[in-house]
Structures are given as structure tokens and as C-alpha cells.
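Accompanying notes for the structure given below.
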2 protein chains.
Amino acid sequence: MTYLDWAATAPPDPEALDEQRRVALEFPGNPSSRHEAGAAARTALEAARSRLARAIGLSAKGLHFVSGGSEADAIPLLALLRKKAPGSLVVSAIEHAAVYEQSRVLERLGWNLREVRPDQDGRVRPENVADAIAPDTALVACMAVNNETGAVQPVREIAAAVKRAAKGRVPRFHVDAVQALGKLELGADGLGADSLAFSAHKIGGPRGTGALWLRSPVETLQSGGGQEGGIRPGTENLAGASAFALAAEKAAADLRAAREGAEALAEALLAGLKAIPGAAPLPLGRVPRDPRWSPWIVSFALPGLAGETSLRALSDSGFAVSTGSACSSASRERRVLDSMGVDRELSFSALRVSFGPGSTRAELDAFLEAVASIYRRFKA
Amino acid sequence: MTYLDWAATAPPDPEALDEQRRVALEFPGNPSSRHEAGAAARTALEAARSRLARAIGLSAKGLHFVSGGSEADAIPLLALLRKKAPGSLVVSAIEHAAVYEQSRVLERLGWNLREVRPDQDGRVRPENVADAIAPDTALVACMAVNNETGAVQPVREIAAAVKRAAKGRVPRFHVDAVQALGKLELGADGLGADSLAFSAHKIGGPRGTGALWLRSPVETLQSGGGQEGGIRPGTENLAGASAFALAAEKAAADLRAAREGAEALAEALLAGLKAIPGAAPLPLGRVPRDPRWSPWIVSFALPGLAGETSLRALSDSGFAVSTGSACSSASRERRVLDSMGVDRELSFSALRVSFGPGSTRAELDAFLEAVASIYRRFKA
């Protein structure tokens with residue numbers, strides 16, 4: 001199977017799995033135990049934290065290991081429930097389900113949810129975020145890179161706009177950086193965010209591991225044994241953390257070359273789509289090598305052919321792509337594209353291709369041939 | 001290092017780690033993806049669920065993979081916050097921090113927290129639980145096996161007492177079964193509980209994996225991509241789930257023999273303590289082969305010698321034990337022993353020994369010698 005669904009999950013890097021196994025066997029103690037085996041595990045855990053922090057370019061102090069991207073997103077949102085009374089939160093309309101669905105739960109619990117829609121290019125405008133801020137806004141959330149369109153959000157500008165617009169207390173600004181990790185430079189300022197969510201398995205690390213970076217501590221809702229500085233209870237997954245650090249180091253070392261490789265693939269894909277009559281990139285104006293989009297993710301429409309149908313036909317032909325986020329694959333809604341104002345005729349036919357370090361030009365060419373052939377065969 | 005701290009974490013079973021690696025490489029897809037790689041991963045995930053359910057003896061339908069025991073405990077408690085108004089919850093005073101600290105957070109959010117203290121033997125009396133139930137009680141929590149004393153709780157009797165005592169709606173009954181899994185028969189009725197929390201790493205499975213069994217669905221607080229029947233958002237940790245299933249199968253296959261082995265070790269330990277002047281089991285009345293205590297966990301006191309000191313001296317001599325729960329090792333309180341009315345003179349000197357499949361009589365004999373020698377040397 002030709003795998004072009006790296007944004008859903010990256011096939012695990014065998015080196016990361018080796019690291020996971022090695023660390024599990026070498027440090028069998030519980031990092032919270034106070035005997036020698038525990039102390040050794042604690043030392044190894046802090047080493048993994050330092051390595052991951054260095055690879056990402058952030059302080060180790062604020063970096064907390066969690067069970068994955070969804071939990072990293074949930075922690076700052078659920079922390080709002082520690083407040084005495086509900087306030088409001090401002091969330092982009094294109095957030096991953098981990099933020100979007102969680103914010104809807106908060107809404108049902110009395111929070112005032114203000115959604116900010118993106119422009120047609122799939123990007124959220126900082127001034128629109130600023131306009132949504134009220135005196136009682138406790139949190140703003142906007143992801144770094146959209147997982148369906150690849151649209152790179154102007155996160156730093158949003159951070160600045162939030163600060164300027166704040167009436168009274170500055171709301172916390174949470175950024176889901178899952179699709180940015182190992183692909184974009186986050187900068188030493190962490191994009192200006194107060195919290196950043198990361199996932200290991202999107203960059204070849206193991207499932208069940210992620211990280212939440214916090215500029216300053218939050219009072220979390222989930223509470224237990226006090227691990228991870230009180231941010232995330234539960235016995236620390238040291239082996240997963242070490243494997244995550246390794247995967248992040250490899251991604252960081254390779255970032256520039258990998259990015260150029262992805263740009264070349266995205267360029268070839270966009271050019272190839274032009275040669276298929278009717279096919280169109282989503283958003284429609286997307287052009288290659290435009291920094292507004294991550295080259296690792298390209299969505300496109302095959303008008304007249306349901307995305308479901310082409311996904312299955314492609315799968316039968318040996319190509320793995322998606323119609324959108326794997327995390328919302330059960331629902332038929334196309335929330336992200338709808339919020340951009342994409343015509344239903346296009347959005348219902350949308351497919352997402354996403355690249356990874358294993359992706360090649362030969363794979364892409366074969367994929368484009370399959371798309372052209374399936375589109376000819378099935379088009380309504 | 002002689003490892004006698006299996007209740008904190010079990011050294012990982014290499015076979016479980018092999019399974020984890022094999023499954024990660026063989027099924028690289030996201031179980032929520034709808035292409036072939038996703039479908040294969042989905043099938044493998046459901047196979048792991050069935051295997052784990054069979055090993056535990058519960059229905060696969062109610063079994064949800066989560067990130068660990070702490071999360072499995074948190075989900076039913078946090079679900080209370082979906083209710084329109086706070087009510088009360090009844091929690092034993094000897095719960096693991098994942099339940100105990102979480103219930104205190106709920107208390108700070110307006111919930112009425114009623115704590116039920118155990119008897120001197122460390123066991124919670126069903127009638128005391130029943131007495132604490134009020135018309136607005138939404139949840140009752142009592143663990144299956146206490147992680148510090150090994151006291152086996154009368155969970156089935158508590159379940160029955162809760163039903164009888166309920167005025168109006170029957171509260172949900174949550175049971176942390178982390179120290180029971182693979183050690184006690186849970187029975188096809190799941191001990192009469194409405195929810196059961198399990199952890200993989202306590203039985204040789206990998207960290208970052210656990211399970212929550214639910215008799216009927218709950219409306220959870222954390223929300224996201226809808227994975228695990230909506231109970232636990234986040235890309236499913238298929239490799240961890242498969243390794244957990246394998247570890248549980250091995251534990252189940254070996255349960256009878258392992259139990260006899262643990263009973264023999266506990267008996268030898270209790271006998272050995274008798275031979276050390278001043279040393280005493282905790283609770284004081286504990287005798288070998290009494291079904292009121294899990295043979296895998298034995299606590300004892302060395303009056304006059306701080307648990308901290310003996311733990312370190314033992315660690316320096318190559319023995320890993322604990323003073324209590326690893327998950328509350330940062331705090332100096334001895335909540336569980338205090339709630340049983342154990343004298344401070346005894347509880348401050350308490351040590352916990354816990355056995356696992358790798359524990360041997362030779363290890364134990366060497367340990368007892370070390371304890372005797374350290375106690376003689378350091379005793380105040």
C-alpha cells in the first residue's frame with residue numbers, strides 16, 4: 001500500500017520503536033519510586049524531556065509528557081472548569097476535534113463559545129480573533145497548521161492581537177501544534193502561545209505519547225498522583241517519552257531537507273491535478289511554495305465524485321488517503337471546508353493527501369495516475 | 001537490584017514489548033482511517049479488545065482502551081461534571097490518588113464529598129458506605145485491592161449495599177481494580193461494579209495503556225474525535241492495547257499458580273518479620289493466607305526507624321521497596337494508614353513489599369536479612 005495519509009498517523013519509525021523497547025527494559029522502575037531503580041528512571045525521564053525540549057526549541061521546564069495530542073489539547077480547556085464561574089472562550093472554526101468538540105462541551109456547561117471562521121484560504125484572521133474577545137474571555141485557541149487543508153495559521157500575529165485586544169486579564173492562548181511539529185520552526189518563543197500541544201505518532205514516534213508545553217503552570221482539572229509537575233497524573237510513560245524525543249530529534253535534524261522534499265511533492269501534486277480535467281486544489285487559490293500552506297498536506301476536489309467513493313477506489317488500488325481528519329471520519333460533515341465557504345459540490349468530493357519522510361515522487365506519480373483513472377471511471 | 005516493588009510498576013515483560021513492536025510495525029494505519037491500512041488496524045484493535053476482555057472475563061462491548069489506570073479512574077469521576085448541578089459522592093478514604101485527589105477537586109467545585117474510613121484491618125465496611133449515601137449521591141468509589149496494605153475490599157457486598165441504600169436513583173459504583181487485575185478473579189459480573197479501572201504496566205504490559213470497563217455508557221467530560229465509543233478521544237494506541245491483552249492473557253493463564261506462589265512468599269515474609277524483634281505487619285492483625293489481603297502486597301512497620309531511612313538503606317543494599325504508593329511518594333502523609341487508625345509511631349516507619357511473577361524465595365530471604373541488619377543498625 002502506498003501511504004499518503006501521514007497527517008492521520010505516521011508509520012512508526014523502527015528506530016523510535018527500538019528506543020522505546022530499549023528504555024522500557026533498561027529503566028524498569030517507576031520514576032516516582034524513591035529507590036535506585038526509580039531514581040534511574042527519573043533521570044532518564046528528565047533526559048528525555050531535555051532532549052525533546054531541545055529538538056522542539058522550547059524550555060524543558062514547561063514541557064510535560066502526556067498521553068497524546070488530544071490530551072494535550074484537553075488539559076488547558078478542561079482547566080477552565082476550575083474557574084468559579086463560566087466565562088467565554090474564543091475558538092477557531094477549523095480546530096481539531098480535540099479542541100472543537102471539547103469547546104462545545106464547555107458551551108453546554110455554560111461557557112460562551114465564540115467561533116472564529118477562517119477566510120476562504122483557510123486561514124484565521126488575527127483581527128477576527130481580536131474582535132471576538134470579551135472581558136470574560138479566559139482562553140483563545142487556534143491551531144498552528146490545519147490538519148485538513150495544511151493552512152498555516154498566523155499564530156504569532158494572533159497572539160499579539162489577543163494581547164492588544166484583551167480588556168483586563170489577557171486570555172490564555174492555546175495552540176494545537178500537532179501538524180507543525182517537525183515540519184515548521186516553532187521558534188524559541190513557542191509561537192507566542194501560552195500552551196502548545198504535540199503528538200508523537202504524527203512524526204514516527206509511538207502512539208500514546210504526546211507533550212503539552214506551558215508557558216506558565218495551569219491549575220488542571222484532572223488530578224491524581226502529582227506526576228509531571230501536577231499537570232498530568234499517571235505513571236510516566238518513560239519509554240514512550242524517550243522514543244518521542246528520538247523521533248523529534250530526527251525530525252529537527254532533517255527539517256530543512258524534509259521541507260524542501262515536501263515542497264517538491266506538493267508542487268508536483270498541484271501540477272498533476274491541473275492535468276486532470278475538473279480536479280482542483282482546496283482552497284481553490286492554493287499555489288505551490290506559498291508559505292500560507294504546509295507542503296505536507298494538500299487537499300483537493302474531484303467535483304461530481306464523492307470523496308468516500310474515490311477514497312475507497314484508491315484504497316482498492318493500493319493508495320491510502322483520507323477525506324479529512326481521521327478523528328472525525330465517522331461524521332459526514334465537512335466542518336473545516338464548510339467554515340471556509342467551500343461550495344458543497346467541491347467539499348463533498350474532497351480528498352486529503354499528506355506526505356511524510358517516506359514519501360517519494362514515484363509514489364506520487366502513480367497516485368496521480370490512479371486518481372485520473374478513477375475520476376474518469378466514476379465521475380457522475 | 002532485587003525488585004520488590006511490583007505494585008508501583010512491574011518490570012515490563014519482554015514478550016509484551018515484542019508484541020507492542022510487532023503490532024506497531026504490522027498495523028501502521030490509524031484505526032479511524034477508512035482506507036485498507038486503517039481497516040486492518042481497526043480489526044487488530046477489536047481483536048485486542050476481545051482478547052483483553054476474555055482474559056479479564058468481562059464483555060468486550062464495555063471495554064475501552066485508555067492511557068492508564070489514572071485516566072480510567074478519572075473518566076467516571078469527571079463525567080459527574082456533565083451534570084446540571086453538583087450532588088454528592090462517596091469515596092473510600094483509602095482510594096488511590098487518581099480517585100482520591102480527583103474527588104477533592106470535585107469537592108472544591110461544589111460537590112459534597114463523603115469519605116468512608118476503613119476498619120483497622122484496612123477494609124471498608126459495606127454498611128458504612130451505605131450510611132454515607134444521600135438522595136443526591138451520584139457516584140460511589142471503592143477500590144478492589146488497596147495498593148498499600150493489600151486489603152481486599154468487599155466490593156460485591158458494597159455494590160449490593162449501594163443498591164439497597166439508594167434513595168431514588170442508584171449511584172454509579174466505580175472500582176479501581178488496578179491491583180486486582182491478573183491477581184484476583186473478577187468474575188463475569190465485574191465485581192458488581194458499574195465501572196472498573198485497569199492498568200497494563202502493573203502486570204508487565206507497557207506504560208501508557210489501561211482500560212476502563214463500563215457496564216453502561218457514560219457521558220464523558222473529555223470530548224474529541226469520538227474514539228473508543230466516545231469514551232476516550234485520541235488516536236488509539238493499538239500496539240499498547242495488543243501488548244496489554246497479551247500481558248493479561250499470560251496473567252490469567254497463570255493466575256492460580258501465581259497466587260499460590262505469592263501466598264507462599266507473603267507467608268514467608270510475615271514469618272520472617274516475626275523473627276525480627278519489633279517488626280510488625282500492617283495492619284497488625286494480618287496473618288498469612290487470609291483472603292482479606294492480597295498476597296502480592298505486604299506492608300509492615302519497623303518502629304523507631306523512619307520508612308524513608310530504611311527505604312534508602314535497603315536501596316543502597318540493592319533492594320527496591322516503597323514506603324507506600326509511588327503515586328503519592330512526593331507527599332509525606334500516610335493517608336491510608338492514618339485512615340485505618342494506625343499509630344503514627346508505626347505508620348511513619350512503614351514499608352511496602354510487593355511481589356510479582358519474577359519474585360523468588362531466595363530474593364525474599366536475602367531481603368529479610370537486609371531488613372534485620374538495617375533495623376539493628378539504624379533503629380533509634
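First the proteins, then the strands, lettered A, B, ... as listed; each starts at 1.
Contact annotation for B:A24: both backbone and side-chain heavy atoms come within less than 4.5 Å of a heavy atom of chain A. Contacts between A:Y3 and chain B at a heavy-atom distance below 4.5 Å involve the side chain alone, from C-beta outward. Residue contact with chain B, scored on non-hydrogen atoms closer than 4.5 Å, involves the backbone and the side chain of A:A320 alike. With a 4.5 angstrom heavy-atom cutoff, B:L238 touches chain A via backbone and side-chain atoms both. For A:E236, the part sitting under 4.5 Å from any heavy atom of chain B is the backbone (N, CA, C, O) and nothing else. Within the 4.5 angstrom heavy-atom criterion, no atom of A:L77 approaches chain B. Residue A:V66: no heavy atom, backbone or side chain, is found under 4.5 Å from chain B. For A:P14, the parts sitting under 4.5 Å from any heavy atom of chain B are the backbone and the side chain alike. For A:D73, no part lies under 4.5 angstrom from a heavy atom of chain B. Both the backbone and the side chain of A:L81 come within contact range of chain B, with heavy atoms under 4.5 Å apart.
A:L311 contributes atom CG, which lies 11.5 Å from atom CD of B:E36 (distance to the nearest 0.5 angstrom). Atom CZ in A:R22 sits 13.0 Å away from atom CG in B:L17 (nearest 0.5 Å). Here the CD-CG distance, from A:Q222 to B:L78, works out to 6.0 Å after rounding to the nearest 0.5 Å. The distance from the NE2 atom of A:H35 to the CG atom of B:L4 is 9.5 Å, given to the nearest 0.5 Å. Once rounded to the nearest 0.5 Å, the distance linking OG of A:S67 with CZ of B:R207 reads 15.0 Å. Here the CZ-OG distance, from B:R232 to A:S70, works out to 7.0 Å after rounding to the nearest 0.5 Å.
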| said: Using side-chain contact (heavy atoms from CB on, under 4.5 Å), reason through A:R82 and B:R108 one step at a time and then give a plain yes or no. | reply: CA-CA 9 Å; A:R82 295 296 301 258; B:R108 265 169 259 140; 3.0 Å; yes
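A donor-acceptor pair is defined here as one N or O able to donate and one able to accept, closer than 3.5 Å; no such pair exists between the side chain of B:N30 and the backbone of A:T9. Put simply, the side chain of A:Q102 gets close to the backbone of B:L221: a donor and an acceptor are under 3.5 Å apart.
Note on A:M1, A:R21, A:R104, A:Q20: by heavy-atom pairs under 4.5 Å with chain B, the leading option is A:R21. The most heavy-atom pairs under 4.5 Å with chain B, out of A:V99, A:D316, A:T209, A:D18, come from A:D18.
A pairwise comparison of heavy atoms in A:N237 and B:G208 identifies ND2-CA, 3.9 Å as the closest pair.
With hydrogens and angles left out, the side-chain atoms of A:T235 and B:H201 include a donor and acceptor closer than 3.5 Å.
Applying the salt bridge (Lys or Arg N to Asp or Glu O under 4.0 Å) rule to A:E95 yields no partners; only residues at least two apart in sequence or on another chain are considered. Residues meeting the salt bridge (Lys or Arg N to Asp or Glu O under 4.0 Å) test with B:E228, sequence neighbours left out: B:R49.
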